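Worksheet: the structure to be examined is printed underneath.
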Amino acid sequence: MNLTRDKYIIVEIIPTSSKASTGFIAQISALKLDGLKLIDRFDYRVDDKFLKNNDIKKIINYDNDMFNYVDNIYFIKEKFKSWAKDYPFLLVEESYTKDYLKELDNKKELVYKYLDMDYSLDIFDRIIKKYNLVPSNHLVDLIYEAIIYENNN
């Protein structure tokens, strides 16, 4: 994929379990891009009443006014499927993200090869350091900034 001219979506999912068979998507953040131009963003969360795990609640307790909230745990994935169309996905995480999105036929690959980096548990600290970025809870935005930086240098 050519990130300067192709259409694609950067996707981050926060699930309630590492396996789709035992959990649901608590939050999806995604950026739809045409090359380096931002076309649209998708920021959805389930209503807090569905979250029984306090750790998940803490993880997604930021910028609450920036998200759309849904009152049905299945609605996020259906809304995302409609929004994403057939755009290829650049994933922030591979194993559970692919599991939760397995019904979507979109091409899926990790973003890190485009940043000349390997995935690791400290990947976002390394991205922030490599590209001199301001830390953010919005991981898709950090990836987008890193892609822009890569293109400009």
Side-chain angles (χ1 to χ4, degrees), residues 1-46 53 55-56 58-63 66-68 70 73-153:
M1 181 174 355
N2 184 322
L3 301 187
T4 61
R5 67 170 190 256
D6 293 340
K7 293 181 179 179
Y8 57 96
I9 295 174
I10 304 169
V11 181
E12 178 203 15
I13 289 180
I14 298 177
T16 59
S17 170
S18 61
K19 296 184 182 211
S21 61
T22 59
F24 58 89
I25 297 171
Q27 176 179 300
I28 297 180
S29 292
L31 300 179
K32 187 182 287 183
L33 302 162
D34 184 354
L36 300 177
K37 181 182 176 193
L38 179 63
I39 299 171
D40 198 6
R41 68 180 304 131
F42 186 96
D43 294 298
Y44 277 79
R45 286 184 183 151
V46 295
N53 183 318
D55 291 335
I56 298 294
K58 288 177 188 173
I59 290 170
I60 67 172
N61 188 23
Y62 63 90
D63 296 337
M66 288 186 60
F67 287 84
N68 296 298
V70 296
I73 62 170
Y74 304 105
F75 184 71
I76 289 179
K77 191 187 307 184
E78 291 306 312
K79 180 84 172 157
F80 182 69
K81 182 178 180 179
S82 173
W83 180 84
K85 299 184 176 33
D86 62 349
Y87 283 58
F89 297 153
L90 288 180
L91 307 178
V92 170
E93 191 283 337
E94 186 171 35
S95 64
Y96 63 77
T97 302
K98 281 187 175 179
D99 186 32
Y100 278 89
L101 299 179
K102 65 184 170 217
E103 297 92 23
L104 281 71
D105 293 330
N106 305 59
K107 179 182 174 186
K108 299 168 188 79
E109 63 180 307
L110 284 175
V111 67
Y112 305 108
K113 72 178 182 182
Y114 297 101
L115 306 178
D116 195 29
M117 300 178 84
D118 293 321
Y119 178 76
S120 64
L121 294 177
D122 68 341
I123 187 66
F124 284 94
D125 291 333
R126 292 179 27 234
I127 288 171
I128 288 167
K129 184 176 180 180
K130 179 177 179 178
Y131 298 105
N132 196 29
L133 301 176
V134 174
S136 172
N137 289 318
H138 299 275
L139 302 182
V140 293
D141 293 304
L142 289 173
I143 296 292
Y144 180 40
E145 289 180 52
I147 290 170
I148 290 170
Y149 183 91
E150 279 291 326
N151 182 66
N152 291 336
N153 292 306

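Each residue takes its place number in the sequence, starting with 1. All values derive from a computational prediction rather than experimental measurement.
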Check your understanding: When the aromatic ring centroids of Phe67 and Tyr62 are compared, is their separation below 6.0 Å?
Key -> yes
Check your understanding: Roughly how far, to the nearest 0.5 Å, is the CD1 atom of Ile39 from the NZ atom of Lys7?
Key -> 5.5 Å
Check your understanding: How about Lys85: does its NZ atom have over 12 heavy atoms from other parts shown lying under 6.0 Å from it?
Key -> no
Exercise for review: Look at the side chain of Arg41 and the backbone N and O of Asp141, then say whether any donor-acceptor pair between them is shorter than 3.5 Å.
Suggested key: no
Check your understanding: With a 4.5 Å heavy-atom cut-off, do Met66 and Asn137 have their side chains touching?
Key -> no
Review point. If you measure from CG on Asn2 to OH on Tyr8, what distance do you get to the nearest 0.5 Å?
Key: 9.0 Å
Exercise for review: Starting from the C-alpha separation in whole Å, work towards a yes-or-no answer on side chain to side chain contact (heavy atoms under 4.5 Å, CB included) for Ile76 and Val46.
Suggested key: CA-CA 7 Å; Ile76 289 179; Val46 295; 3.6 Å; yes
Check your understanding: Under 3.5 Å, is there a donor-acceptor pair linking the side chains of Tyr114 and Glu109?
Key -> yes
Review point. Listed by chain and number, what are the salt bridge (Lys or Arg N to Asp or Glu O under 4.0 Å) partners of Lys81, not counting sequence neighbours?
Key: none
Check your understanding: Which of these, Val111, Leu133, Leu91, sits in a side-chain contact (heavy atoms from CB on, under 4.5 Å) with Ile143?
Key -> Val111
Exercise for review: Please confirm whether the backbone N or O of Tyr112 pairs with a side-chain atom of Tyr119, one donor and one acceptor, at under 3.5 Å?
Suggested key: no
Exercise for review: Apply the test side chain to side chain contact (heavy atoms under 4.5 Å, CB included) to residues Asp86 and Asp105: give CA-CA distance (whole Å), side-chain angles for both, the deciding distance (0.1 Å), then the verdict.
Suggested key: CA-CA 7 Å; Asp86 62 349; Asp105 293 330; over 6 Å; no
Check your understanding: Considering only heavy atoms from C-beta outward, does the side chain of Asn68 approach that of Lys79 to under 4.5 Å?
Key -> no
Review point. Do side-chain atoms of Lys77 reach the backbone of Tyr100 as a donor and acceptor pair under 3.5 angstrom?
Key: yes
Review point. Counting N and O atoms only, with roles assigned by atom type, does the side chain of Thr16 sit under 3.5 Å from a partner on the main chain of Gly23, one being a donor and the other an acceptor?
Key: no
Review point. To the nearest 0.5 Å, how far apart are CZ in Arg126 and CG in Asp118?
Key: 7.0 Å
Review point. Taking the inter-plane angle between the rings of Phe89 and Phe80 on a 0 to 90° scale, is it parallel (under 30°), tilted (30 to 60°) or perpendicular (over 60°)?
Key: tilted
Which pairs would a plain distance check flag for residues 28-37, meaning a side-chain donor or acceptor within less than 3.5 Å of a matching protein atom at least two apart in sequence or in another chain?
residue: Ser29; atom: OG; partner: Asp43; partner atom: OD1; Å: 3.3
residue: Lys32; atom: NZ; partner: Trp83; partner atom: O; Å: 2.6

Point to revise | Backbone N/O of Tyr87 and side chain of Asn106: donor-acceptor pair under 3.5 Å | key: yes
**Study point:** Lys108 side, atom NZ; Leu101 side, atom CG - distance, nearest 0.5 Å
**Key:** 6.0 Å
Review point. Nearest 0.5 Å, what's the CD1-OG distance between Ile127 and Ser136?
Key: 12.0 Å
Practice item. Compare all side-chain heavy atoms of Lys102 with those of Asp99 and state whether any distance is below 4.5 angstrom. Key: yes
Check your understanding: Where the side chain of Asn53 meets the backbone of Ile56, is there a donor-acceptor pair that is under 3.5 Å apart?
Key -> yes
Check your understanding: Atom CD1 in Ile9, atom NZ in Lys107: separation rounded to 0.5 Å?
Key -> 14.0 Å
Expected list for residues 145-153: side-chain donor-acceptor pairs under 3.5 angstrom, two or more places apart:
residue: Glu150; atom: OE2; partner: Tyr131; partner atom: OH; Å: 2.5
residue: Asn152; atom: ND2; partner: Ile148; partner atom: O; Å: 3.4
residue: Asn153; atom: ND2; partner: Tyr149; partner atom: O; Å: 3.1

Review point. Just by modelled atom types, is the Ile14 backbone N or O under 3.5 Å from a matching donor or acceptor in the Glu12 side chain?
Key: no
